[in-house]
A.B. asks: 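Here it is, the structure in full.
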Amino acid sequence: MFAMKETHIVITGATGGIGAALAIEYAAPGVTLFLHGRRHNVLSNLADVCRIAGAAVETKAFDIRDHEQLHSWLDEISLRFELDIVFANAGVNINIGPQSKGETWNEIQGLFDINLRAVLATVQAVLPAMRARGKGQIVLMSSLAAYRGLPMTPSYSASKAAIKAYGEGLRDWLAPEGVKVNVVMPGYVESKMCREMPGPKPFLMQPEQAAKLIRRKVAKNRPRISFPFPLNLGCWLLSVIHPSLSSFILRRMKYGA
């Protein structure tokens, strides 16, 4: 049983690997899940699985780049319920492509609309109610790529670095008010997005493993939830050693452009 009291949880990007696994992980009697996704059929099937586990589920299918609709949806939920946890989880990846052709401007804009602007919109929509009651938890999905920009995915790395910095600032600002903020920095977790990323994928995890770990550390209010340990350590080291050395290591590991 997840909790003795009624618990209300929002998950954006719930039709992706980690998002769907989080929904299933938290699904239990006494839990209400508010699930967002772009693919209506996948979202509907996920909702059915969560209802079988005993959760109440509301779904909303739309393109999260529609920040006005995102804000309206979260405003409406916040008026009806006190949200306990909000996972700003929706995200995409792009890369420099075959023969290092480069990312297009349209791709970069689309990525930042989802990975950064939609996260900011999510926080702005749910934060007023949380601050007013001095309670609530916001979980932001970053990446180990936030530690050190990867040459194959420079815009993705930049978007996740922005989320890391934003979440760290939010946490310290809001802690005295009783609102918790956590930054999740996963490594490689099996999903369509992960499979489409170029380069090696060491220490690949299953989404169910990741969801269990995230839930456990969110419950402990860890400021940074970064995993798996060996890859986390390696990425952190790349961020603190001399840039020339980190560039050399990335090329040797076939992450170089």
Side-chain angles (χ1 to χ4, degrees), residues 8-28 31-77 83 85-95 97 103-104 106-123 125-126 138-143 153 155-156 159-160 163 184 186 188-198 201 204-212 214-215:
H8 303 98
I9 301 172
V10 171
I11 304 173
T12 65
T15 53
I18 292 179
L22 282 170
I24 293 168
E25 175 66 24
Y26 278 98
V31 174
T32 301
L33 296 170
F34 303 93
L35 306 179
H36 154 270
R38 186 170 49 84
R39 295 171 290 170
H40 177 77
N41 59 328
V42 177
L43 196 60
S44 178
N45 291 338
L46 175 63
D48 289 341
V49 172
C50 294
R51 289 184 183 112
I52 289 170
V57 184
E58 293 186 18
T59 63
K60 191 75 169 179
F62 63 95
D63 188 334
I64 203 164
R65 289 176 295 183
D66 185 343
H67 302 137
E68 198 169 303
Q69 185 172 6
L70 172 62
H71 211 293
S72 296
W73 175 58
L74 293 170
D75 276 346
E76 187 273 331
I77 296 171
L83 296 176
I85 309 175
V86 174
F87 286 94
N89 170 73
V92 295
N93 193 8
I94 60 174
N95 60 76
E103 304 163 330
T104 70
N106 283 341
E107 288 175 334
I108 293 169
Q109 288 186 94
L111 178 137
F112 274 86
D113 279 345
I114 295 170
N115 287 12
L116 182 57
R117 293 185 67 212
V119 171
L120 301 181
T122 298
V123 173
V126 302
I138 299 171
V139 184
L140 307 182
M141 195 63 64
S142 180
S143 166
T153 55
S155 295
Y156 174 80
S159 71
K160 295 304 185 179
I163 293 303
V184 179
Y188 294 104
V189 178
E190 172 61 33
S191 67
K192 179 177 181 293
M193 187 175 86
C194 179
R195 290 192 296 273
E196 291 174 349
M197 290 176 69
K201 298 174 177 65
L204 181 68
M205 294 181 68
Q206 293 304 307
E208 297 79 13
Q209 292 175 280
K212 288 182 185 300
I214 292 168
R215 176 180 168 178

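If you read the sequence from its start, that first residue is 1, and numbering goes on from there. Nothing here was measured: the structure is a model prediction, and the numbers come from that model.
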A.B. asks: Just jot down the side-chain contact (heavy atoms from CB on, under 4.5 Å) partners of T15, sequence neighbours excluded, or say none.
C.D. replies: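 With neighbours one apart ignored, the set is R39, V42, L43.
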A.B. asks: When rounded to the nearest 0.5 angstrom, what is the spacing between CG in D48 and OG1 in T59?
C.D. replies: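 Going from the CG atom of D48 to the OG1 atom of T59 covers 9.5 Å.
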A.B. asks: Run the numbers on Y156 and N95 for side chain to side chain contact (heavy atoms under 4.5 Å, CB included), then give the verdict.
C.D. replies: CA-CA 8 Å; Y156 174 80; N95 60 76; over 6 Å; no
A.B. asks: Looking only at heavy atoms, which two atoms of I64 and A90 are closest? And how far apart?
C.D. replies: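 So the two residues come closest at CD1-CB, 3.6 Å.
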A.B. asks: Would you compute the distance between atom CG of L70 and atom CG of D75 and round it to the nearest 0.5 angstrom?
C.D. replies: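 Result: 9.5 Å between the selected atoms.
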A.B. asks: Heavy atoms only: give me the nearest L35-A23 pair and the separation to one decimal.
C.D. replies: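 Looking at all heavy atoms of both residues, the shortest contact is CD2-CB, 3.9 Å.
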A.B. asks: State which residues pass side-chain contact (heavy atoms from CB on, under 4.5 Å) with Q209; sequence neighbours excluded, sorted by chain then number.
C.D. replies: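 Once residues adjacent in sequence are excluded, the partners of Q209 under the side-chain contact (heavy atoms from CB on, under 4.5 Å) criterion are M205, Q206.
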A.B. asks: Locate the shortest heavy-atom distance separating A21 from P207; write the atom from each residue and the value.
C.D. replies: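 Closest heavy-atom pair between A21 and P207: CB-O, 3.4 Å.
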A.B. asks: Is a side-chain N or O of R51 found less than 3.5 angstrom from the main chain of V57, in a donor-acceptor match?
C.D. replies: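 Confirmed, R51 side chain pairs with V57 backbone.
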A.B. asks: Heavy-atom distance under 4.5 Å between the side chains of V184 and P186, does that happen here?
C.D. replies: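 Result yes, sub-4.5 Å side-chain heavy-atom pair found.
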A.B. asks: Would you say that I214 contacts L22 through its side chain, given a criterion of any heavy-atom pair below 4.5 Å between the two side chains?
C.D. replies: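 Yes, side chains in contact.
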A.B. asks: Check this for me: does any side-chain nitrogen of one of E196 and K192 sit under 4.0 Å from a carboxylate oxygen of the other?
C.D. replies: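 Yes.
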A.B. asks: Classify the ring geometry between W73 and H36 as parallel (under 30°), tilted (30 to 60°) or perpendicular (over 60°).
C.D. replies: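 Because their plane-to-plane angle lies in the 30° to 60° range, the rings of W73 and H36 count as tilted.
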A.B. asks: Atom CG of L111 and atom CD of E103: how far apart are they, to the nearest 0.5 Å?
C.D. replies: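 The CG atom of L111 sits 7.5 Å away from the CD atom of E103.
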A.B. asks: Going by heavy atoms in the side chains, are M141 and I163 under 4.5 Å from each other?
C.D. replies: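 The answer is no; the side chains never approach within 4.5 Å.
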A.B. asks: Over all heavy atoms of both residues, which pair between H67 and A118 is shortest? Give the atoms and the distance, please.
C.D. replies: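 Of all heavy-atom pairs spanning H67 and A118, the closest is NE2-N, 3.6 Å.
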A.B. asks: Roughly how far apart are R195 CZ and Y188 OH, rounded to 0.5 Å?
C.D. replies: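 R195 atom CZ to Y188 atom OH measures 15.0 Å (nearest 0.5 Å).
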A.B. asks: How close do C194 and L204 get, heavy atom to heavy atom, and via which atoms?
C.D. replies: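 Closest approach of C194 to L204: SG-CD1, 3.8 Å.
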A.B. asks: Any donor and acceptor pair, going by atom type alone, linking the side chain of N115 with main-chain N or O of V92 inside 3.5 Å?
C.D. replies: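 The answer is yes, because a donor-acceptor pair under 3.5 Å joins these two groups.
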A.B. asks: About how many Å separate CD1 of I11 and CD of E25, when rounded to the nearest 0.5 Å?
C.D. replies: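 So the CD of E25 and the CD1 of I11 are separated by 10.0 Å.
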A.B. asks: Might you work through the side chain to side chain contact (heavy atoms under 4.5 Å, CB included) test for F34 and L83, ending with a clear yes or no?
C.D. replies: CA-CA 10 Å; F34 303 93; L83 296 176; 4.0 Å; yes
A.B. asks: Do V119 and T12 pass the side chain to side chain contact (heavy atoms under 4.5 Å, CB included) test, and can you show the C-alpha distance, the side-chain angles, and the key distance before you say yes or no?
C.D. replies: CA-CA 9 Å; V119 171; T12 65; over 6 Å; no
A.B. asks: Nearest heavy-atom pair of I94 and S155: which atoms, and what distance?
C.D. replies: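 For I94 versus S155, the nearest heavy atoms are CD1-CB, 4.2 Å.
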A.B. asks: Go through the steps for S143 and N93 under the test side chain to side chain contact (heavy atoms under 4.5 Å, CB included), then give the verdict.
C.D. replies: CA-CA 11 Å; S143 166; N93 193 8; over 6 Å; no
A.B. asks: If you round to the nearest 0.5 Å, how far is CZ of R117 from CZ of R65?
C.D. replies: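 Between R65 CZ and R117 CZ, I get 11.5 Å after rounding to 0.5 Å.
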A.B. asks: Just so I know, are the side chains of T122 and F87 near enough to count as touching, which here means a heavy-atom distance under 4.5 Å?
C.D. replies: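 They are not in contact (no side-chain heavy atoms under 4.5 Å apart), so the answer is no.
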